[in-house]
Amino acid sequence: MARDFLFLLGSTRSGGNTEALARQAAAQLPAGDTARWLSLAELELPGFRDLRHTEQRVQAAPTGDAATLLEATLAATDLVIASPLYWYSVSTPVKHYLDHWGNWLYSPDLDFKQRMAGRTLWGVTALAGSDHSLADPLVGTLRNSAAYMGMNWGGVLLGTGTRPGEIEGDTEAAARAKTFFSSAPEPASRA
């Protein structure tokens, strides 16, 4: 069955190491699978306000880039968060995107959580240095988000690179990228 991948680029600069690693992995997608790319930093999203416990709890339907992002999210069978490691976790644009999930959970008639269940969440990140355990908080954020939403967990493709282009020297990450999306995701669990 063909899959529809949504690659969400979380870097604040284009063409960075994380994006390059994600593109290496995407190049291996089987024929018939589709890949859509959105740069979260280039989208004009409204600021996040947590209204869950207020009288304004119900969120208005998203418009503009927020509506585009929501539609792309719901159209994908597989979501790939491509975030460089920022202070041991996801980048600000990715965190902002995940915050919007909270609003979408409370949007009337959206059934966001139910519609996300069964899809697969993947991650791709580049970090400085070879100690990939430093990315554990990022991995935990994504894995726990998948579990909460009832999504399958595809894992995180990790690579090493600081300056733009350095990921090209990480031959181990390049080898993992060749089979990353062909690995079987962990079935959905509840956090």
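In what follows, residues are counted from 1 in the order of the sequence shown. It should be emphasised that the depicted structure is a prediction, and the values quoted were computed from it without experimental measurement.
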Q) Under 3.5 Å, is there a donor-acceptor pair between the side chain of His96 and the main chain of Pro46? A) yes

Q. Can you check whether Gly118's main-chain N or O pairs, donor with acceptor, with Asn152's side chain at less than 3.5 Å?
A. yes

Q: Please examine the side chains of Asn17 and Asp170, heavy atoms only from C-beta on, and report whether any two atoms are closer than 4.5 Å.
A: no

Q. Roughly how far, to the nearest 0.5 Å, is the CG atom of Leu6 from the CG atom of Leu79?
A. 5.0 Å

Q | Straight-line distance of Asp78 CG to Met151 CE, nearest 0.5 Å | A | 8.0 Å

Q) Closest approach of Trp122 and Arg3, non-hydrogen atoms and distance? A) CZ2-NH1, 4.1 Å

Q. Does a side-chain heavy-atom distance below 4.5 Å link Leu142 with Ser145?
A. no

(Q) Please find the pair of heavy atoms, one from Thr12 and one from Pro93, that lie closest to each other, and give the distance. (A) CG2-CG, 4.0 Å

Q) Where does the angle between the aromatic ring planes of Phe5 and Phe7 fall among parallel (under 30°), tilted (30 to 60°) and perpendicular (over 60°)? A) parallel

Q | Expected output: side-chain Asp65 to main-chain Leu45 donor-acceptor under 3.5 Å | A | no

Q. Taking the side chain from Thr18 and the backbone from Thr125, do they hold a donor-acceptor pair closer than 3.5 Å?
A. no

Q: Would you check if His132 and Leu127 make a side-chain contact, meaning some heavy-atom pair closer than 4.5 Å?
A: yes

Q) Rounded to the nearest 0.5 Å, how far does CH2 of Trp37 lie from CZ of Arg23? A) 4.5 Å

Q. Is there a donor-acceptor contact under 3.5 Å from the side chain of Ser91 to the main chain of Gly10?
A. yes

Q) Are the side chains of Leu105 and Met149 in touch, meaning some heavy atoms are under 4.5 Å apart? A) yes

Q) What's the shortest heavy-atom distance between Ala135 and Leu85, and which atoms? A) CA-CD1, 3.9 Å

Q. Between Leu43 and Thr68, is any pair of side-chain heavy atoms under 4.5 Å apart?
A. no

Q) Could you give the distance from CG (Leu40) to CD (Glu42), rounded to the nearest 0.5 Å? A) 9.5 Å

(Q) Could you tell me if the side chain of Leu69 sits less than 4.5 Å from the side chain of Leu8, heavy atoms only? (A) yes

Q: Spell out, as yes or no, whether a donor-acceptor pair under 3.5 Å connects the side chain of Glu166 to the backbone of Arg163.
A: yes

Q) Between the main-chain N or O of Leu157 and the side-chain N or O of Arg176, is there a donor-acceptor pair closer than 3.5 Å? A) no

Q. Which atoms form the tightest heavy-atom contact between Lys95 and Val90, and what is the distance?
A. N-CG2, 4.0 Å

Q: Grab the two heavy atoms, one from Ala26 and one from Phe181, that are nearest each other, plus how far apart they are.
A: N-CE1, 4.0 Å

Q | Minimum side-chain heavy-atom gap Leu74-Met116 below 4.5 Å | A | yes

Q. Out of curiosity, Arg115 CZ to Leu70 CG, how far, rounded to the nearest 0.5 Å?
A. 7.5 Å

Q.
If I take atom OG1 from residue Thr141 and atom CG from residue Leu98, how far apart are they, to the nearest 0.5 angstrom?
A. 8.0 Å

